[in-house]
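Working notes for the structure below.
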Amino acid sequence: MSQNRQVIIAEVPHGPLEVRHFALRAGPVPSPGEGQALVRTIALTIGAGQRAGLQGSASYAGAPVAGVVMGGTGIGRVEASNAPSLQPGDLVVGPTGWQEYSVHDASQLRKVPAGADPALHLGVLGTNGLTAYFGLFEVGRPKPGETVVVSAAAGSVGHMVGQLAKLHGCRVVGVAGADEKCRRLVEELGFDAAVNHRAPEFRAKFRAATPGRIDVYFDNTGGPVLESALFRMNTRGRIVCCGVVSQYDTDNPGPGPRGVPGLLVNNRVRMEGFLVFDFADRYDDARAALSNWVSEGKLRPWTTTYNGLEQAPQAFVDLLHGATVGTTIVRVAD
């Protein structure tokens, strides 16, 4: 433990994110204080919402600042502990940031079983899975037989939303940005249909994929896809506003979709945003359900994995360009 490699924000991005907006540096390994633990990062996860933080549009993330370690969630091993609840060797999930070593209060860390798969605890049993679970079931409230549409359907949250809706007895339509992603959603995850929003005939194909219109639309993108969904909503449909990835990687976000509030009023559509933190007191119950579905083979988590801390900036850029599927994970150590 002679040094702590870290990825810092070299420059707050203006315009599309580039690898040059980050830099690799080495610093001293921190020492835990009273009630704290030193954690060595094994793997970290990257999500599109982190781009909103760099943009300054995620109020819960605070204002972006250059020269600091890029934030993020990771899974790691306790190397030293001054907290009675944690012992060296324990595996924990917490806000490690993009670095090899970090110090945390014990209350910031969640213990996971020894030998646990980092991908599971950073994906389906982490923020992504919880977001899919509570966004769909608590905000969207689908009923069996209804049509659920999800955008960014091959992404970290979207691919789980679709599977959960299928488990609930719904007809599921995914919207993704490539024909190959659409194929995999149908053939591998059991979506009833999937439409490429980049196709010239997208609107016609979207109408054909939703002949009974839409009861629940789970929105991860905003922009033109949200607008298309607005015009296809059934009376008393529900729109779950989870993310706006089409607006993150730019200095000049586009205007909101047409039809608001007119279509909401005329069709009595409920459009509601949420943060997964709203449901923190129910995380354990959700994780138990998600874990059971995974072990039974009913829920299949996707991941895209990069190796080496230095690959984190490229992984982030690739994610925003639509080059990844499922949860994007960077393996930092064995």
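Basis for what follows: all heavy atoms, side chains included, without hydrogens, waters or symmetry-related copies.
Considering only heavy atoms from C-beta on, Val161 stays 4.5 Å or farther from Leu164 through its side chain. A heavy-atom distance below 4.5 Å is found between the side chains of Leu125 and Leu290. Counting heavy atoms from C-beta outward, Asp215 and Arg171 have side chains that stay 4.5 Å or more apart. Contact annotation: the side chain of Gln87 never approaches that of Val78 to less than 4.5 Å [non-hydrogen atoms, C-beta and beyond]. Using a 4.5 Å cut-off on side-chain heavy atoms (C-beta onward), Ile9 and Val65 make no contact. Residues Val172 and Phe218 fail the side-chain proximity criterion, which asks for heavy atoms closer than 4.5 Å.
Just one of Leu109, Ile75, Thr41 meets the side chain to side chain contact (heavy atoms under 4.5 Å, CB included) condition when paired with Thr96; it is Thr41. When each of Thr45, Thr305, Asn128 is checked for a side chain to side chain donor-acceptor pair (under 3.5 Å) with Thr327, only Asn128 meets the rule.
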So Arg207 and Glu201, salt bridge (charged side-chain N to carboxylate O under 4.0 Å, His left out) or not? Walk me through it. CA-CA 10 Å; Arg207 286 195 300 271; Glu201 64 278 20; over 6 Å; no
As a quick check of understanding, evaluate salt bridge (charged side-chain N to carboxylate O under 4.0 Å, His left out) for Glu146 and Arg238, giving each step before the final call. CA-CA 11 Å; Glu146 290 189 326; Arg238 288 82 72 201; 2.7 Å; yes
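With hydrophobic clusters built from ILVMFWY side chains whose heavy atoms lie under 4.5 angstrom apart, Val330 does not share a cluster with Leu91. Linking ILVMFWY residues whenever their side-chain heavy atoms come closer than 4.5 Å, directly or via other members, places Leu136 and Val294 in the same cluster.
Remark: the Thr147 side chain and the Arg213 side chain contain no N/O donor-acceptor pair separated by less than 3.5 Å.
Considering all non-hydrogen atoms of both residues, Gly174 and Phe191 come closest at N-CD2, 3.6 Å. Nearest heavy atom pair, residue Asn4 against residue Tyr101, reads OD1-N, 2.8 Å. Residues Cys182 and Val195 approach most closely at SG-C, 3.4 Å, considering heavy atoms.
Taking a cutoff of 4.0 Å between a charged side-chain nitrogen and a carboxylate oxygen, Asp192 and Lys166 qualify as a salt bridge. Using a cut-off of 4.0 Å between Lys/Arg side-chain N and Asp/Glu carboxylate O, Asp90 and Lys111 are scored as salt-bridged.
For Arg110, the CZ atom counts as densely surrounded, since its 6.0 Å shell holds more than 12 non-hydrogen atoms of other residues, nucleotides or ligands.
Between Trp98 and Phe316, the ring-plane angle classifies as perpendicular under the 30° and 60° cut-offs.
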